[in-house]
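Presented below is the structure to which this report refers.
Just so we're on the same page: letters track the sequence lines, and every chain starts at 1. Being a predicted model, the structure only gives us computed values, none of them experimental. Heavy atoms only: backbone and side chains are in, while hydrogens, waters and symmetry mates are out.
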2 protein chains.
Amino acid sequence: MARVGVESIRRQQLIDATLEVIEIHGFQGATIGKIAAASELSVGIVSHYFGGKQGLLEATMRYLLSCLQEDASKLMAGQPNTPRECLMAIVDANFSGVQTHAQSAKTWLAFWTQAMHSPELMRLQRVNERRLLSNLIFHLRKLMPGESAQATAQTLAAMIDGFWLRAAMSEGRIEPDQAVALCKTYIDQAIKANNGASE
Amino acid sequence: MARVGVESIRRQQLIDATLEVIEIHGFQGATIGKIAAASELSVGIVSHYFGGKQGLLEATMRYLLSCLQEDASKLMAGQPNTPRECLMAIVDANFSGVQTHAQSAKTWLAFWTQAMHSPELMRLQRVNERRLLSNLIFHLRKLMPGESAQATAQTLAAMIDGFWLRAAMSEGRIEPDQAVALCKTYIDQAIKANNGASE
DNA sequence: CTTCGTTCATTGAACAGCCATTCAATATAT
DNA sequence: ATATATTGAATGGCTGTTCAATGAACGAAG
């Protein structure tokens, strides 16, 4: 038998196929049959490795979240990192995946929708949301009073989600550059409007 | 048969039932059978009045859009209406539906997702998006240069969508008041940051 | 080197359940 | 009596899951 973890290879194959199928056919149209066909594997293997369709979907969302986190880590590593630069890097990280994978925005939206009726997916979504928010607050606190930092972080988080949503909508042609620029403009506006009040 | 438009009564019955079922079971779980049961009508009547499930869903989305527009009209009518007050009213209008119908956010998200794979729903979504954007730009132009107005409008639109998304996520407990407050804070920040440059 | 048996990976047809749609039958109003 | 409104069982298609059969890799024995 193949010595090197066949399991991890197959799992990734199926996750990739899932993303591919969701992009084309949407969440509703993502059937085991289509996923199996896209992965060039059989339908039975899904249950074998993930216990069922739900397991595969959860694994796929975990994979997307881990990609996002990895992007963020890369961009944050080895920078001078003034608070402002950190914030800008976070914004970049949150849109870096979009450029290469225009479809990922659609997939995210599909998962958001699905998460509302699946406790496990909801939990994953919450964890990620919390992390983004506390990251933003951590850096903003160095630039403005705590209360303003809280408000600015929530506004910025909503803005990022909103641009993702818009990206998912605008069929094919999306402009992450513009979204990043607008977010950064907002950050500078917020800093200017609030600084001098704390330090 | 009943002289007064039975048709419009039945149609509204089915639309209401659709919203109810989507809220409880999600978009995927919204089957003809459940909708028929919730409306206390039969399954056959859906095809009779809407031609099929897809027709019912489109009609339901149109209904939601018309509610949003109606809310907006009410809030815009009979005000002194400085440009700034108009902007604030638009923000209020975009969150006024949330308070009474916490579940409508979930339904909106479901429709957004569905819209990506249904040209007709996508068209409706686009029309609505355009209207919001051009409304915002119209009023912002009186307060800042055209380019800034464009950017501010896009940012604000994304922000509104983002807060809706967040409202849909936070199970039950949502705070539209906070979203409105943060949007308004942003508007004032944007005005302050850009005024004096144009007039 | 070849053969064979064991083990794990993989297949895909069969199955049972759910869904939207249809339409002949029924009910109701004029 | 006629036209319209409504029903809901029957239908056919699609879905996720299961599991007996098949295939592939490896080590041991000859």
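Salt bridge status for A:Arg123 with A:Glu120: present, with a side-chain N to carboxylate O gap under 4.0 Å.
Nucleic acid contact class of A:Tyr49 (heavy atoms, under 4.0 Å, all strands): sugar-phosphate only.
Atom NE2 in B:His48 sits roughly 6 Å away from atom C1' in D:dA5 (whole-Å rounding). Note: CZ (A:Phe50) to P (D:dT18) measures 16 Å, nearest angstrom. Between A:Ile45 atom CD1 and D:dC19 atom P there is a gap of 17 Å when expressed in whole angstrom units. Per the geometry, CG belonging to B:Leu56 stands 15 Å off C1' belonging to C:dC19, to the nearest Å. Atom pair B:Ile35:CD1 and C:dA20:P shows a separation of 8 Å (rounding to whole Å applied). Rounding to whole angstrom units, CG of residue B:Leu41 and C1' of C:dT26 are separated by 16 Å. The nearest whole Å value for the distance from the CD atom in B:Glu40 to the P atom in D:dG8 is 12 Å.
Listed pair A:Arg10 / C:dA9 fails the phosphate criterion, with no side-chain N or O lying under 4.0 Å from OP1 or OP2.
Looking at heavy atoms from C-beta onward, B:Met76 lies in side-chain contact with B:Ile90 at the 4.5 angstrom threshold. At least one side-chain heavy atom of B:Arg84 sits less than 4.5 Å from a side-chain heavy atom of B:Asp188.
Checked against side-chain contact (heavy atoms from CB on, under 4.5 Å), A:Leu65 has the following partners two or more places apart in sequence or in another chain: A:Met61, A:Trp108, A:Leu124, A:Asn128.
Of the candidate nucleotides D:dT18, D:dA9, D:dT6, D:dA9 has the atom lying nearest to any side-chain atom of B:Val43. Closest to the side chain of B:Ser42, out of D:dT18, C:dT10, D:dT7, is D:dT7.
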Using distance only, find each side-chain donor-acceptor pair of residues 27-34 of chain A under 3.5 Å and give its atom names and separation, not counting sequence neighbours.
unit_1  : atom_1 : unit_2   : atom_2 : d
A:Gln28 : NE2    : B:Gln114 : OE1    : 2.9
A:Thr31 : OG1    : A:Lys34  : N      : 3.2
A:Lys34 : NZ     : A:Gly29  : O      : 3.1

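Counted by atom type alone, A:Glu23 and A:Thr107 present zero donor-acceptor pairs between their side chains at under 3.5 Å. At a cut-off of 3.5 Å, with distance as the only test, no side-chain donor of A:Gln13 or A:Glu40 sits close to an acceptor on the other residue.
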Close N or O pairs between protein and nucleotides 11-16 of chain D (under 3.5 Å):
unit_1 : atom_1 : unit_2  : atom_2 : d
D:dG16 : OP1    : A:Lys53 : NZ     : 2.5
D:dG16 : OP2    : A:Ile32 : N      : 2.9

